[in-house]
Amino acid sequence: MTVVGHQPEFDPERRLWFCDLQVEPGDAYTPFVQLALARYQPHSLDGQEISKVVKADFVQLLPRREATFVLEPARRAVVVTLGGAVGIAAHAVTLPTPASRIDASRRVEAWVERLPAGATSDLDWVAVDDPVRLPVRLTLGRLRREDYADAEWAGVVGMPEAEAGDRLRIRIAEYELHQADALGAPVVAAFALRERRLVYADSVDLPGE
């Protein structure tokens, strides 16, 4: 067991004390963590410095991700990459290569969205085209190690023509793929349906002309 002290901050709007904690999961992928919380008062009576310990709910840590967006000089496309540790789903462990296992376990997509001129809400962003699926990219060293600690996806997303006053942004999303039964129907395929769970999403505004 490890005990770590943190200086809490007060949120006047929610009227709650909080601390931002950074947890290093090591080799684990999306582990569940439960914190035991106690108040420490160094100026209290001897033996009474620690309050009663209260256990928080379990929370699941999300994997760290590093995304890059590079607009080509001609402004016709954006090169998008995403990297980070991954986990392999049970239905994919028997596939022959690390890339095929990662590809069967998750899906990464990127697309451009437009906010029309005069829009007053973030709900007015609309996708310009269908999402582009980013393929897995592994170096030879990663393939030899069969290492899933540093997978990477890369692809190119085309830039649409921007109308005067419009704003453009590029979005990226990563989904885990899980086996699921079809609702109200028997499963007749060799593999069950692949349902997906969003585990990462981000967006970056694209510069105007």
Side-chain angles (χ1 to χ4, degrees), residues 18-35 55-70 78-115 122-123 125-139 141-143 145-158 168-183 187 189 191-206:
F18 72 95
C19 288
D20 290 328
L21 309 181
Q22 183 171 329
V23 180
E24 177 55 58
D27 295 333
Y29 176 75
T30 63
F32 283 91
V33 175
Q34 184 182 39
L35 299 178
K55 290 185 177 180
D57 293 336
F58 280 96
V59 294
Q60 189 175 20
L61 302 180
L62 293 177
R64 293 182 180 178
R65 289 292 180 260
E66 181 176 343
T68 63
F69 307 86
V70 180
V78 180
V79 179
V80 183
T81 67
L82 180 68
V86 300
I88 302 302
H91 65 259
V93 294
T94 58
L95 294 176
T97 66
S100 63
R101 295 172 205 144
I102 295 173
D103 195 54
S105 299
R106 59 200 57 245
R107 182 184 182 100
V108 176
E109 298 176 344
W111 64 95
V112 174
E113 293 183 338
R114 183 196 309 274
L115 184 67
D122 276 347
L123 299 178
W125 285 96
V126 293
V128 176
D129 292 311
D130 292 334
V132 174
R133 183 171 187 178
L134 307 187
V136 181
R137 186 175 68 178
L138 296 177
T139 64
R142 292 172 187 161
L143 289 172
R145 295 194 310 268
E146 295 199 3
D147 185 5
Y148 304 113
D150 193 19
E152 186 178 68
W153 298 263
V156 178
V157 179
L168 296 177
R169 71 181 181 185
I170 187 164
R171 287 189 61 85
I172 186 172
E174 177 190 349
Y175 305 91
E176 291 178 345
L177 302 179
H178 299 279
Q179 288 187 339
D181 296 333
L183 295 177
V187 178
F191 294 96
L193 295 178
R194 297 284 171 82
E195 295 292 344
R196 61 188 195 176
R197 182 182 77 142
L198 179 67
V199 293
Y200 171 81
D202 200 358
S203 64
V204 171
D205 289 341
L206 295 173

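If you read the sequence from its start, that first residue is 1, and numbering goes on from there. Being a predicted model, the structure only gives us computed values, none of them experimental.
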Would you please test L134 and T81 for side-chain contact (heavy atoms from CB on, under 4.5 Å) and show each step? CA-CA 8 Å; L134 307 187; T81 67; over 6 Å; no
Could you pull out the closest heavy-atom pair between R101 and S105, with the gap in Å? O-OG, 2.7 Å
side-chain contact (heavy atoms from CB on, under 4.5 Å) evaluation trace for E24 with R64: CA-CA 10 Å; E24 177 55 58; R64 293 182 180 178; 3.5 Å; yes
Could you tell me whether the side chain of [Y] reaches within less than 4.5 Å of the side chain of [X], counting heavy atoms only?
{"X": "T68", "Y": "V80", "value": "no"}
{"X": "I88", "Y": "Y29", "value": "no"}
{"X": "T30", "Y": "L61", "value": "no"}

Reported CZ-to-CG distance for the pair R171 and D202, which is rounded to 0.5 angstrom: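 Reported value, rounded in 0.5 Å steps: 8.0 Å.
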Measure the spacing between CG of D122 and CG of L115 and express it to the nearest 0.5 Å. 7.0 Å
Taking 4.0 angstrom as the limit, do R133 and D103 come out as a salt bridge? yes
Below 4.0 angstrom, N of the basic side chain to O of the carboxylate: do E174 and R196 qualify?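 R196 and E174: not salt-bridged.
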side-chain contact (heavy atoms from CB on, under 4.5 Å) between I170 and V157, intermediate numbers included: CA-CA 9 Å; I170 187 164; V157 179; 4.0 Å; yes
Candidate pair V78 and L206, rule side-chain contact (heavy atoms from CB on, under 4.5 Å), full reasoning: CA-CA 9 Å; V78 180; L206 295 173; 4.1 Å; yes
For residues E109 and W111, is any side-chain donor paired with an opposing acceptor at under 3.5 Å?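 No, no side-chain donor-acceptor pair sits under 3.5 Å.
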With a distance cut-off below 6.0 Å to the six-membered ring centre and an angular limit of 45° from the axis, does R114 pair with W125 as a cation-pi contact?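 No; the conditions do not both hold, so R114 does not lie above the ring face of W125.
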Using the rule side-chain contact (heavy atoms from CB on, under 4.5 Å), only one of R137, R106, R107 pairs with W153; which is it?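 Checked R137, R106, R107 against W153; only one passes side-chain contact (heavy atoms from CB on, under 4.5 Å): R106.
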Take atom CD of E66 as the centre, draw a 6.0 Å sphere, and report whether it contains more than 12 heavy atoms from other residues, nucleotides or ligands.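 Not more than 12 within 6.0 Å, no.
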